[in-house]
Amino acid sequence: MNKINIAVLHRFDGFLEKSLYYVSGFLLITIACLVFYSVTMRYVFNSPPLWADEAPRAFFVWMTYLGIAVATKRGQNIRVTHFINKISAKPRLFIETFMHTLVLVMLVTLVVYNIPILELQRGGNMLSTGWSYVWMYAPVSVGCALMIFYQSRLMIRTILNYKTNQTEGV
């Protein structure tokens with residue numbers, strides 16, 4: 001690849017991360033406002049909106065999966081590294097690669113098993129909002145696909161860092 005293509009990919013990668021980050025933040029603010037409005041309408045005016053349960057829940061699921069994708073890209077997901085950091089480089093490489101592989105298998109499994117759920121939910125609509133149930137279950141596939149991409153990059157980076165450290169030590 002030439003330098004122009006790599007620069008374009010880096011810009012797109014940065015744009016995607018910022019977009020996911022800001023969309024997740026916007027969804028969090030939206031959820032807070034909707035819940036505040038719903039609680040106010042319920043307890044002050046005794047007239048809760050019909051969508052008070054479904055809309056915030058749908059936004060919460062989207063926010064969660066998009067936010068997890070951002071955390072995965074940044075390598076900020078929960079990891080216990082105390083013992084792994086005490087192991088020498090080569091065994092640590094195998095352990096970390098194995099852990100990345102397990103995460104990738106889990107994510108692929110979630111996507112594969114979510115596809116029939118999406119097909120089943122395609123015909124139904126939520127009662128209060130009229131939105132398709134697909135909008136409640138699509139974030140699993142979308143978020144997991146993003147996490148597969150980012151987790152693969154983390155695994156490649158782990159392997160490349162090991163190889164770089166080995167060649168520098170020679």
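On a predicted model such as this, the values are computed, not experimentally measured, just so you know. Atom set for the values below is all heavy atoms of this structure, side chains included, hydrogens, waters and symmetry mates excluded.
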Residue pair Met106 / Leu102, side-chain heavy-atom distance below 4.5 Å: no

Ring centroid separation Phe59 to Trp51 under 6.0 Å: no

From Leu66 atom CG to Leu146 atom CG, the distance as rounded to the nearest 0.5 Å: 7.0 Å

Backbone N/O of Ile87 and side chain of Arg92: donor-acceptor pair under 3.5 Å: yes

In one Ile/Leu/Val/Met/Phe/Trp/Tyr side-chain cluster, 4.5 Å: Leu127, Trp135: no

Output a table of donor-acceptor pairs, distance under 3.5 Å, between side-chain atoms of residues 21-36 and any protein atom two or more places apart or on a different chain; print 'none' if there are none.
residue : atom : partner : partner atom : Å
Ser24   : OG   : Leu20   : O            : 2.9
Ser24   : OG   : Gly67   : N            : 3.3
Thr30   : OG1  : Phe26   : O            : 2.8

Qualifying salt bridge (Lys or Arg N to Asp or Glu O under 4.0 Å) pairs, either residue in residues 59-76, two or more places apart: Asp13-Lys73, Glu17-Lys73, Glu17-Arg74

Backbone N/O of Ala138 and side chain of Trp62: donor-acceptor pair under 3.5 Å: no

Spatial distance of atom OH (Tyr162) from atom OG1 (Thr97) [nearest 0.5 Å]: 10.0 Å

Set of side chain to side chain contact (heavy atoms under 4.5 Å, CB included) partners for Arg157, sequence neighbours left out: Arg153, Leu154, Asn161

Value rounded to 0.5 Å, distance of CG in Leu118 from OG in Ser141: 4.5 Å

For Ser38, side-chain hydrogen bond (donor to acceptor under 3.5 Å, both in side chains) partners two or more places apart: none

Residues, nucleotides or ligands: over 12 heavy atoms within 6.0 Å of Trp131 CH2: yes

Ring pair (Phe, Tyr, Trp, His ring centres under 6.0 Å) involving Phe98 - partner list, sequence neighbours excluded: none

Tyr133, OH: over 12 other non-hydrogen atoms inside 6.0 angstrom: yes

Sequence-distant partners of Ser128, side-chain hydrogen bond (donor to acceptor under 3.5 Å, both in side chains), two or more places apart: Glu54

Contact check, side chains of Met136 and Met126, non-hydrogen atoms, under 4.5 Å: yes

Side-chain heavy-atom pair Val140, Tyr113 within 4.5 angstrom cut-off: no

Atom pair CD (Glu96) and OG1 (Thr101), whose distance is rounded to the nearest 0.5 Å: 11.5 Å

